[in-house]
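Chain naming here is simple, since letters A, B, ... match the order of the sequence lines and numbering starts at 1 in each.
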2 protein chains.
Amino acid sequence: MTAFSRLADPAHPAIRRLAALAPLDPSARTALADAALRSRALRPARELLAEGAPIANPLLILNGWAARVRFLTDGRRQIMSLLLPGDLIGNCRHSRPLSVSTIVALSPLTVCAAPSPGSPSLEEAYHVSHALDEAYLLAQITRLGRFSAEERVVDLMLELRDRLTLCGLVSDGGFAWPLTQSALADTLGLTPVHVNRTLQQLRRRGEVVLRAGRLQLTDPAELIHRVGHITAHVTATQS
Amino acid sequence: MTAFSRLADPAHPAIRRLAALAPLDPSARTALADAALRSRALRPARELLAEGAPIANPLLILNGWAARVRFLTDGRRQIMSLLLPGDLIGNCRHSRPLSVSTIVALSPLTVCAAPSPGSPSLEEAYHVSHALDEAYLLAQITRLGRFSAEERVVDLMLELRDRLTLCGLVSDGGFAWPLTQSALADTLGLTPVHVNRTLQQLRRRGEVVLRAGRLQLTDPAELIHRVGHITAHVTATQS
DNA sequence: CGGCCGTTTGATGGAACTCAATCTACGTGG
DNA sequence: CCACGTAGATTGAGTTCCATCAAACGGCCG
């Protein structure tokens, strides 16, 4: 199947990410390839885990983007984090985990059950992945708490670029951008209208090129400097 | 010493919290009591862990409040989470952890080294504590992203009340409130001036009583309903 | 073609910020 | 014992950023 052949390829996004977090031994790679055989495809806006539901077993994102969302009683929504290929869902280690948020697909999505870490190298990769998740939550908090609308947009774009670089999904300095302006608004604590205006400013100044579902940052270094963006580092040996 | 006698007391805040997360066996309790013998005291505003510093070993908060802070280059600050008695600092499980945020004391603080989990019951308590930490981060994100100033203040007060209840530090419906309005502003993504005005509204309406370093919520149930506050539950057997 | 989703634009209002000054409580030293 | 300094809380006036409301536009698919 395509799923298998792509996973067997060392260049597959999800594997590339996990291998970048901790060097994977062959048994870990085959475990991942096996797991990917039973992959599941989901349409955008499809819910794949409800808040409060018990977590059967962790999932691994193979392709596409998803989000952890919280719905307020009056219809407001907050996307708490974005989930990209190679990210894990429900990756926690205490005995009776409950989902604390809903997961929705933001694009066509394929997921599989995350193989339980038989090898220490895969376990380490999971742990590092979890630590990175937390770092992204902290970054999200400072974005929402102290950044202006423009800073929020730019900082998030830089974070996504960093993360997609880990799984080799950045080419020519650009990457796929499946987010609607509405989803971006729910992520950044803004209204869709204001997100639109902010994006246009960035476009008019030539700082971002965003069209046809692809995003290019014209001068990433300048943007990093401007918003004081911090790249979450992994302490494990990179690559 | 006082530190010992108070920890030996099963009613000590830090132990009460951990015991509430997972029933602790006697060996876990003595390990905690031993650790508390070597406790360290810190003054308010004292930094106890710098961002980017390697984490020697996890710490346990015995008394007082602390905060995980991020400083921006232009002087803005964001408090990402508050740390209360019984909370752990640097409680993560991958091989080479780096601190991703600075920790500062917000009140007179005593901490000790968190005993490494020899017993499975203590390990479970640590894991649940870590899961709760993450739930609080998610709550913080929705506060900052989608709540108005008043909702933020109320929701945070309710969360702190929940958390302090876990360690038995709520009495007569009220609890110690060491936060300056400035610290509250840095937590909630507001300015001190606006926090002040928001607090006064709540006071004038008689919804909170805040004076002499103590906070009382007049009608918690009503406030919970109003802001749609969600109590992060622990799946482990409570109490 | 027509409906829908996502984007774009305009006009207006309001929540929160900024700047600046005053007030209070408290500790410290002359 | 009082003068002083400082940290935190309070108040006022003016401003800005972002939300709200409303409508139009564009592409895509049935």
For this session: Could you check which of dG6(C), dC18(D), dT18(C) has an atom nearest any side-chain atom of His194(A)?
Result: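 Nearest nucleotide to the side chain: dC18(D).
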Problem set entry | Within 45° cone of Tyr136(A) ring axis and under 6.0 Å: Arg163(A) NZ or CZ |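 Judged by the rule (NZ or CZ under 6.0 Å from the ring centre, within 45° of its axis), Arg163(A) counts as positioned above Tyr136(A).
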Problem set entry | Arg76(B) to Phe71(B), cation-pi by 6.0 Å centre distance and 45° axis angle | no
NA contact type, [X], heavy-atom cut-off 4.0 Å: base, sugar-phosphate, or nothing?
X: Arg211(A); result: nothing
X: Thr191(A); result: base
X: Gly213(A); result: nothing

To the nearest Å, give me how far apart [atom1] ([X]) and [atom2] ([N]) are.
X: Asp186(A); N: dG6(C); atom1: CG; atom2: P; result: 12 Å
X: Arg203(B); N: dA9(D); atom1: CZ; atom2: P; result: 9 Å
X: Phe147(B); N: dA16(C); atom1: CZ; atom2: P; result: 13 Å
X: Arg197(A); N: dA11(C); atom1: CZ; atom2: P; result: 10 Å
X: Glu151(B); N: dA15(C); atom1: CD; atom2: C1'; result: 12 Å
X: Leu188(A); N: dA19(D); atom1: CG; atom2: P; result: 10 Å
X: Leu199(A); N: dG6(C); atom1: CG; atom2: C1'; result: 13 Å
X: Leu190(B); N: dA9(D); atom1: CG; atom2: P; result: 15 Å

Problem set entry | Ion pair Arg143(B)/Glu159(B), N-O distance below 4.0 Å |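 Yes.
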Exercise. Do the charged groups of Arg68(B) and Glu134(A) touch, with an N to O distance under 4.0 Å?
Worked result: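 A salt bridge is present here (some side-chain N lies under 4.0 Å from a carboxylate O).
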May I ask you to verify if any side-chain N or O of [X] is less than 4.0 angstrom from the OP1 or OP2 atom of [N]?
X: Gln181(B); N: dA7(D); result: no
X: Gln200(B); N: dT11(D); result: yes
X: Asn196(B); N: dT10(D); result: yes

For this session: Over 60° means perpendicular and under 30° means parallel, so classify the ring planes of His130(B) and His130(A), tilted if in between.
Result: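 Taking His130(B) first and then His130(A), their aromatic rings sit tilted (interplane angle of 30° to 60°).
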Problem set entry | First of Leu179(A) and Arg146(A) reached from the 5' end of DNA chain C, by closest nucleotide |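 Whichever sits nearer the 5' end wins; that is Leu179(A).
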